Amino acid sequence: MTDLPAFLDSSRPDVPDLSVPRGVLPFYLPNKPVRGRVVRLGPLAATLLSRHEHKTPVKALLGQALALAAALSSALKFKGSFSVQARGDGPVSMLVADCTEAGALRGYVRVDHEAEIPEDTEAGTLLGQGYLAFTVDQGMDRDPQQGIVALEGGSLAKMAEYYFQHSEQLPARVFLAAGETPSGWRASALVLERIAGAGGIGEDMSEEDQGEAWRTACILADTLTSEELLDDALPPERLLYRLFHGEGVAVGKPRPLSFGCRCSRQRLGGILEGFPTDDLDHMAVDGEIVMTCEFCNFDFRFARDSVTGRPGA
């Protein structure tokens, strides 16, 4: 245990320093109202999903949520984060994944470990009835922007599409995959969006032609398999060429992803300093207060006499 006061000790836990340089690849179909992103977490998926012991369907759900958060965060044009959160009355009562504009990724599930979860359990059964929320956080100076819809659909991909349809009125297709491969756990996503008729579309393209171009892109994307999404040997550029070569697909600049838990003793120590001294006394066991980061599953231990707190009411 460190001898520094909690508010001075900024040390982070011993978590992996892992980055995937080409984690997110944006793409578009030239002169058509279609853009998208391919996400490949690579070995980062195995690292993130190994922080907790979960059954296979729960790991797969969390992996898909991580890939989805990574894909949608790539639209951020400012310093902040994008989060995917689901709460329900099923065996998984809470699902959270968030990613910063720099690609720092983390996730967590709260699960009833006593529940029976067969190997083929789908997201709709895991989450049950509840809601799905997408949140954009621009920091302390701005209020978060959040959209919420009911959980609708058997898979997380269908739930996300329902969100886009009913909250954003934005046509989108979402393909998510997560599973154990010969290289370890992997998670991936392909998100396809129809953009408004202004940017990047041929001037002579009518509304009818734009609609047909979008339908064609969706039909082509529907041929995608989970095996292709999770195949490390199939680069994203080649995957996109397989799907859309007849449409003249073009790619943008790839973005990195990294292990992104942002916990620290300094941050948690600051939280403890806001508690009344009586509450701190109740938290202490054998002279220590233990705070666990649910994202990276690390216990921070604080000597009770190192935390001042504030006087009780």
Side-chain angles (χ1 to χ4, degrees), residues 23-26 34-39 41 45 48 58 60-90 92-110 122-124 126-178 187-196 218 221 229 255 257 260-262 294-295:
V24 182
L25 182 67
V34 182
R35 68 180 180 188
R37 279 88 78 199
V38 175
V39 173
L41 300 190
L48 286 163
V58 177
L61 177 61
L62 178 56
Q64 291 175 17
L66 289 165
L68 179 61
L72 299 181
S73 72
S74 64
L76 295 176
K77 306 299 183 184
F78 47 80
K79 187 174 183 180
S81 64
F82 184 95
S83 69
V84 175
Q85 183 179 129
R87 288 181 179 266
D89 59 6
V92 173
S93 58
M94 184 171 70
L95 168 69
V96 180
D98 74 50
C99 189
T100 69
E101 88 293 342
L105 186 62
R106 63 181 182 173
Y108 167 70
V109 287
R110 182 181 298 155
E122 294 186 339
L126 288 173
L127 292 167
Q129 299 296 312
Y131 69 83
L132 175 68
F134 288 173
T135 305
V136 175
D137 189 347
Q138 300 184 52
M140 297 180 61
D141 297 333
R142 302 283 297 274
D143 291 332
Q145 299 177 346
Q146 187 176 71
I148 300 176
V149 297
L151 291 171
E152 293 287 345
S155 68
L156 184 60
K158 292 302 181 185
M159 294 173 189
E161 290 179 357
Y162 181 84
Y163 173 91
F164 282 116
Q165 178 184 354
H166 291 273
S167 182
E168 302 291 333
Q169 288 78 52
L170 174 68
R173 294 300 311 276
V174 178
F175 302 86
L176 302 172
S188 184
L190 185 144
V191 176
L192 205 63
E193 296 175 352
R194 177 173 176 175
I195 61 177
C218 291
L229 269 177
R255 298 181 56 173
L257 295 171
C261 191
R262 301 184 287 281
E294 299 291 2
F295 288 99

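Small disclaimer: the values here were computed from a predicted structure and weren't measured.
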Rounded to the nearest 0.5 Å, how far apart are [atom1] of [X] and [atom2] of [Y]?
X	Y	atom1	atom2	answer
Asp98	Leu72	CG	CG	12.5 Å
Met159	Tyr131	CE	OH	14.0 Å
Glu161	Phe175	CD	CZ	7.0 Å
Leu66	Ser188	CG	OG	12.0 Å

Which heavy atom of [X] sits nearest a heavy atom of [Y], and at what distance?
X	Y	result
Ile148	Tyr163	N-CE1, 4.1 Å
Gly147	Ser167	CA-OG, 4.1 Å
Ala70	Val39	CB-CG1, 4.0 Å
Ala178	Ala60	CB-O, 3.4 Å
Ala133	Gln146	CB-NE2, 3.9 Å
Val96	Gln85	CG2-CG, 3.9 Å

What I'd like to find out is whether the side chain of [X] reaches to under 4.5 Å of the side chain of [Y], using heavy atoms alone.
X	Y	result
Leu126	Leu95	no
Leu132	Val84	yes
Leu41	Leu105	yes
Glu193	Leu170	yes

For a side chain to side chain contact (heavy atoms under 4.5 Å, CB included) check, start with the C-alpha distance between Phe134 and Val136, then their side-chain angles and the critical distance, and finish with the verdict. CA-CA 7 Å; Phe134 288 173; Val136 175; over 6 Å; no

Are Lys158 and Glu152 ion-paired here, with the side-chain N under 4.0 Å from a carboxylate O?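 Result for this pair is no, no salt bridge flagged.
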
Side chain to side chain contact (heavy atoms under 4.5 Å, CB included), that's the test. Do Cys99 and Leu257 meet it? Break it down for me. CA-CA 9 Å; Cys99 189; Leu257 295 171; 4.0 Å; yes

Donor-acceptor contact below 3.5 Å, side chain Asp89 vs main chain Gln129: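 Yes: the side chain of Asp89 pairs with the backbone of Gln129.
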
Using only atom types and a distance under 3.5 Å, with no angle test, would you say the side chain of Ser83 pairs donor to acceptor with the backbone of Ala97?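 No.
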
Working note: Ser74 + Arg37, criterion side chain to side chain donor-acceptor pair (under 3.5 Å); need CA distance, chi angles, decisive distance, verdict. CA-CA 8 Å; Ser74 64; Arg37 279 88 78 199; 3.1 Å; yes

Considering residues, nucleotides and ligands other than Glu101, do more than 12 of their heavy atoms fall under 6.0 Å from its CD?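 Above 12, so yes.
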
